[in-house]
Amino acid sequence: MLTLEHMTMTEFKKHLGRTKTVVFPFGTVEEHGSHLPLYTDSLIIVEALKAVGQKRKFFLAPVLPYGVCTSTKDHPGTLSISAGTLRRIATDLVIEGYKKGLKNFLLVSGHGGSLHMSALKESAERLADVIGDLRIAVMNPYDLLWKELSELSETANDSHAGELETSMVLYLSPELVKGRADEEYPNFPRTVIVKDKVKRWPGGVWGDPRKATANKGRKAVALIADKITEVLGELEKRR
Ligand SMILES: [Zn+2]
């Protein structure tokens, strides 16, 4: 496990001889219902990455705990940043890593928001354009594992703070789960941007947290870890 934040510069130099891959995890400080911590997205992605790090050698950078939140941005506790800020941070971090000798970059997000993901993707596209021998991938497990994760959940339309996210926090840190919020879904129109988001989605839950179990959480985290491992394999394949 090559945890960047625990490493000395001497150790960094030594490990650079063995891997040129770094993973940057991205999370949020975002409401996750009345029952899950604001740190849920960061917790899940960092723990999944620790599992991957048991089997593969890569530098694991500290999580960026802030992300771009749209539907939840007005809910209590959410601290969102703008897409422009996220683009600049992601771009700066990759350039810094490249200057220090890293070549393969995985930006992996525990948050699947579309603006958040497009900011990361835009940064990656631009970096790949201007840095010749850089390899970069951007992912969030929910987009890539949509089918597998829906098979795991009993709720048909499970998402934010619902059955699976609750299951994963139950598995990873049960002491952080404060009861169970009720089943709920946002009531947003498909096109018009509404300003009364909290009124239309008071509980901030998308799915049914009452169906959560630690065992489903264990399976979901394992699926996520396997998918990240697969993406790393692809990223490190140089032609
Ligand atoms: Zn989440």
Side-chain angles (χ1 to χ4, degrees), residues 1 3-6 23-56 60-67 69 71-72 75-80 108-113 116 139-186 201-229:
M1 186 81 237
T3 311
L4 201 56
E5 64 213 80
H6 297 159
V23 179
F24 287 105
F26 292 83
T28 54
V29 172
E30 183 188 30
E31 74 77 13
H32 275 76
S34 58
H35 63 299
L36 295 182
L38 303 170
Y39 193 64
T40 293
D41 290 344
S42 306
L43 172 83
I44 291 172
I45 206 64
V46 168
E47 292 304 318
L49 282 166
K50 285 184 191 164
V52 179
Q54 305 299 322
K55 298 182 209 148
R56 275 190 93 94
L60 176 59
V63 66
L64 179 77
Y66 300 102
C69 305
S71 331
T72 61
H75 285 77
T78 298
L79 301 176
S80 179
V108 56
S109 176
H111 174 63
H116 176 89
M139 66 169 282
N140 81 69
Y142 307 107
D143 285 350
L144 295 178
L145 290 166
W146 182 84
K147 192 171 165 279
E148 292 85 341
L149 290 173
S150 2
E151 279 165 12
L152 211 58
S153 103
E154 293 173 60
T155 322
N157 183 17
D158 182 67
S159 180
H160 183 77
E163 181 180 338
L164 284 187
E165 268 195 324
T166 306
S167 294
M168 288 189 279
V169 182
L170 268 179
Y171 166 62
L172 296 168
S173 285
E175 73 285 0
L176 296 177
V177 182
K178 318 273 166 60
R180 298 288 187 284
D182 287 336
E183 182 173 17
E184 191 197 11
Y185 300 90
W201 197 23
V205 165
W206 189 326
D208 189 357
R210 293 168 306 182
K211 299 215 167 76
T213 66
N215 193 39
K216 286 177 198 165
R218 181 182 56 78
K219 290 181 186 164
V221 172
L223 279 171
I224 293 172
D226 287 350
K227 183 52 81 178
I228 295 171
T229 305

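Looking at Glu184, its side chain does come within 3.5 Å of a backbone N or O of Val205 through a donor-acceptor pair. Proximity of a side-chain donor or acceptor of Thr3 to a complementary backbone N or O of Leu60 within less than 3.5 Å is not detected. The backbone N or O of Val52 lies less than 3.5 Å from no partner atom in the side chain of Thr229, so there is not a single donor-acceptor pair.
Between Pro62 and Glu5 the shortest side-chain heavy-atom distance falls below 4.5 Å. A 4.5 Å side-chain heavy-atom check between Tyr185 and Thr155 finds at least one atom pair inside the cut-off. Asp182 has its side chain out of reach of Ser34: every pair of non-hydrogen atoms, C-beta onward, lies at least 4.5 Å apart. In this structure the side chain of Thr72 reaches within 4.5 angstrom of the side chain of His160, judged on heavy atoms. Counting heavy atoms from C-beta outward, Ile45 and Phe26 have side chains that stay 4.5 Å or more apart. Two residues are said to be in side-chain contact when any heavy atoms from C-beta on lie closer than 4.5 Å; Ser80 and Thr28 fail this criterion.
For residues 145-172, every residue pair satisfying the salt bridge (charged side-chain N to carboxylate O under 4.0 Å, His left out) rule, not counting sequence neighbours, is listed here: Lys147-Glu151, Glu154-Lys216, Glu163-Lys216. Sequence neighbours left out, the pairs with a member in residues 34-48 that pass salt bridge (charged side-chain N to carboxylate O under 4.0 Å, His left out) are Glu47-Lys50.
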Decide side-chain hydrogen bond (donor to acceptor under 3.5 Å, both in side chains) for His35 and Thr166; before the verdict, give the C-alpha distance in whole Å, the side-chain angles of both, and the deciding distance to 0.1 Å.
-> CA-CA 8 Å; His35 63 299; Thr166 306; 2.9 Å; yes
Verdict with reasoning, Leu149 to Tyr142, per side chain to side chain contact (heavy atoms under 4.5 Å, CB included) | CA-CA 8 Å; Leu149 290 173; Tyr142 307 107; 3.8 Å; yes
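The salt bridge (Lys or Arg N to Asp or Glu O under 4.0 Å) check on Arg218 picks up nothing, with sequence neighbours excluded. His75 pairs by the ring-ring contact (aromatic ring centres under 6.0 Å, His included) definition with Trp201, not counting sequence neighbours. The side chain to side chain donor-acceptor pair (under 3.5 Å) check on Thr40 picks up nothing, with sequence neighbours excluded. In this view, Gln54 and Met1 satisfy the side chain to side chain contact (heavy atoms under 4.5 Å, CB included) rule, not counting sequence neighbours. Listed by chain and number, the residues in a ring-ring contact (aromatic ring centres under 6.0 Å, His included) with His116 are His111 (sequence neighbours excluded). With sequence neighbours excluded, the residues forming a side chain to side chain contact (heavy atoms under 4.5 Å, CB included) with Tyr39 are Ser42, Leu43, Val63, Pro65, listed by chain and number. Here Asp143 pairs with Asn140 under the side chain to side chain contact (heavy atoms under 4.5 Å, CB included) rule; sequence neighbours left out. For Ser150, the side chain to side chain contact (heavy atoms under 4.5 Å, CB included) partners two or more places apart in sequence, or in a different chain, are Trp146.
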Show me the side-chain donor-acceptor pairs of residues 168-181 shorter than 3.5 Å, one per line, residues at least two apart or across chains.
none

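Between the NZ atom in Lys219 and the CG atom in Leu164 there is a gap of 11.0 Å [rounded to 0.5 Å].
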